[in-house]
Amino acid sequence: MATSLARHIETFRHGVHPADYKELTHDRQIERIPFMDELVLPLTQHLGSPSRPVVKVGDYVHRGQVIGEATGFVSSYLHASATGTITAIDLRNHPSGKVVDSIVLKPDPVSPQILHDERTIDWKTMSPKEIIDQVSWGGFVGLGGAAFPTHVKLTVPEGKKVRFFLVNAVECEPYLNSDYRALLERSDSIFLGVEILLKALGAEIAYIGVEMNKVDAIEQLRAAMPEHLPCEIVPLETKYPQGAEKMLTEAVLDIEIPSGRLPIDVQVIVNNVGTVSGIGDLFRYGQPLIERIVTVTGPGIRKPSNLLIPIGTRLTDVIAYCGGMTDNVKQVLFGGPMMGSAQRMLDVPIMKGTSGILFLTDYEVFPREEYPCIKCQRCVDACPVFLNPSRLGSLAKARLYDDMHEWHIMDCMECGSCSYVCPSNIPLVQRFRVAKVLLREQKARETAGGE
Amino acid sequence: MTRDEPRLLLTTSPFLKHREDTAYLMWQVNYALVPVLLAAIWFFGINALLIAVACIAGALLPEWLHNRSRSGRSTLRDGSGVITGALLALTLPPTTPLWMAFTGGFVAIALGKLIFGGIGSNVFNPALVGRAFLQAAFPSMLTTWAQPVPGSELLTVRGDLFAFPFLKPGIDAITQATPLSQMKFDGVVTNATDLLFGTTAGSLGETGSLIILICGLYLGLRRVLNWRIPISILATVGLIAAATHLIDPARFAPPMFHLFSGGLMLGAIFMATDPVSSPITQRGCWIFGVGIGALVMIIRLFGGLPEGVMYAILLMNATTPLINRTTQGRVYGTSWRAKRH
């Protein structure tokens, strides 16, 4: 068990140590970006069913007002991130590469952009259920990148209980600093969020896991922590993919989550620190999830920054605000370099789950020839869930997907550690993704056929 | 899309790559072999260099032919063929005729690697396949050992290095039995200092165990080779030697003798650690190393041959697929126990 006195730095087994490249925006304070001419708010910014618009074209909406409502339990509310006029509700480019229904909002240039219905919410008199409903209304999703609706995660299933609340502040993706800056500049909101969520979950104690490349944040958090709060800061070794729920649970609590199960099965709930801080703000000012901290970085952007960006701001506007791109930009990523996604075009909006925007140049991006596997063991040593990527890779190449199932491909969480270390440049994780999709389809067909 | 928008490349994550690629790893091994070869030149003169060049040329020829016949990538530059040639040379006696060395290199790559499908697919260590072929084809030549002449007459060619193929080479160098043969057949134990510094008869890479050890240390620290394999081999050999020596000191040599004589160091550090033909799991590597160590000692102590490193490694190579299958560990979270609870 981790204690604040322990000199030993905790971590999980296996994993990789990429250079962290965080120095580009490490010391950049969070900077609020102005409201641009147009905001595009996709109705799909989270896992689950899309939100349903509750406004019409031509409506005048206020910053923080609900413009899309959740459709079902695993869905999310959507709010206007600026005061202005709805100019369109139609199909727009989405960072996933698809076109999806989006609400287009033109911010009112003369509006003071104050928050609609600003108020403190007295959570102390609320029941856990009421707190979670409030979070659901706030449109919160996991801000680490997965964008899973937070209220679903916080709703403890019947018969289960939560002992430990883990706050994920490891930010193990290279280049990104949005969580780090939040730790330094938003500690009040974070601790308020922790306190509220401890109550909502009925958990005993909270642990905030921070990697050792953020020592100043660890010290500052420890100094700023309210005395009465049952919360500990746990320093962790800098290692990827420590931000994965299973790895974080092992690193902080030394508990191995069983295969195919969730943290709740070992009485743990994990939330990203950005989400926790946002929930703090929700109860402080009544501010729903309408803006987020985004690290804009990489050698391909002229002014790397940590920005507070209204959800729906277009990427082109962010690029212009950051001084433009260099001429040799080759790839633009949403998220970090290990699990992020490459963008096909720049006409896409910043979403709730966009933790970073990374601009890579032709110096970092170049074709690498695939070579035969030399069984060097590096992937086996890297895989945090103890698979044999070398074996799985050769099975995938031979399209022996059923064999891959027997070699536990469904336990792969696609962290990319194997592809990262492979000296033969074999696109392992890409082949695994394909195999997993095909295996899921096959299973769905079998289930359908059996009925 | 606006006119001045850059062309963006669509690929999938991860976008970061570790910078060490396969060719880099192979060349690291080659660089580590340079001091070993220099030591061989010090002990055996220009012969060592000529034999190494012949072996490497023999190894690269089939690789080159293969590349030409199958359009596509060039595998010459990955350095793996050079490793095979250089390692084969280090297992040969210092008076091996050059045509034999060349043939050995050719067979090593052609039969040891290419027929299995090239790099990554071979079952056995190619250098040892070449060496086994030579031992079977030319047994007398492969057991003729010239005495080392440290540092003297470096440019003098000794033995009938330029013999015509298939003619019996004349031998004019002073020959001597290797420490292991002396032990096996005459019961003479060479002292440890001679073994350590290589002033004994033997193959080009058999002498100078100390240099091989240092080079292995470098590769182990750079994580180019898996240190578990040499450690388990050497520990097993040391333990068996210590136990037998305790039982009957007159009949069995002490551990230091077994550790530093013959091709053990070269085999344990440079050959058993070939990633392709050794197990992929860490537990498998321990088993693999212990197996090699045990086989080496069984052959050395009870077999008909004085030395058994080559056969020990080849035999354990054959068990690698089985070891891989049986030592594949549990998947994360498949037992309900946590790490330390």
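Bear in mind the structure is a predicted one, so any value in this text is a computation, not a measurement. Naming convention: chains lettered A, B, ... in sequence-line order (proteins, then strands); numbering from 1 in each chain. Excluded from the calculations below are hydrogen atoms, water molecules and symmetry mates; all remaining heavy atoms, backbone and side chain alike, are included.
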Once you round to the nearest 0.5 Å, how far does CZ of B:R330 lie from CD of A:E256?
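Reported value, rounded in 0.5 Å steps: 4.0 Å.
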Starting at CD of A:Q377, measure out to OG1 of B:T281 and round the result to the nearest 0.5 Å.
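Between A:Q377 CD and B:T281 OG1, I get 7.5 Å after rounding to 0.5 Å.
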Side chains of B:T334 and A:S259: is there a donor and an acceptor less than 3.5 Å apart?
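The criterion, which ignores hydrogens and geometry beyond distance, is not satisfied for A:S259 and B:T334.
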[X] versus chain B, heavy atoms under 4.5 Å apart: side chain, backbone, both or neither?
X: A:C415; answer: neither
X: A:D381; answer: side chain
X: A:N388; answer: both
X: A:V329; answer: both
X: A:V380; answer: side chain

Candidates A:R13, A:K246, A:E250, A:H14 - the one meeting side chain to side chain donor-acceptor pair (under 3.5 Å) with B:Y332
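Result: among A:R13, A:K246, A:E250, A:H14, A:E250 is the only option passing the side chain to side chain donor-acceptor pair (under 3.5 Å) with B:Y332.
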Heavy atoms, side chains only, cut-off 4.5 Å: are B:L9 and A:L360 in contact?
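A side-chain contact under 4.5 Å is absent here.
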Would you check if the side chain of A:K375 reaches a backbone N or O of B:P279 as a donor-acceptor pair within less than 3.5 Å?
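Such a contact is absent between A:K375 side chain and B:P279 backbone.
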Quick check on B:S277 against chain A: is it the side chain, the backbone, both or neither that has a heavy atom closer than 4.5 Å?
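Answer is neither: B:S277 stays 4.5 Å or more from chain A.
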Count the heavy-atom pairs under 4.5 Å between each of B:D21, B:T22, B:T12 and chain A, then report the option with the highest count.
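Highest number of pairs under 4.5 Å: B:T22.
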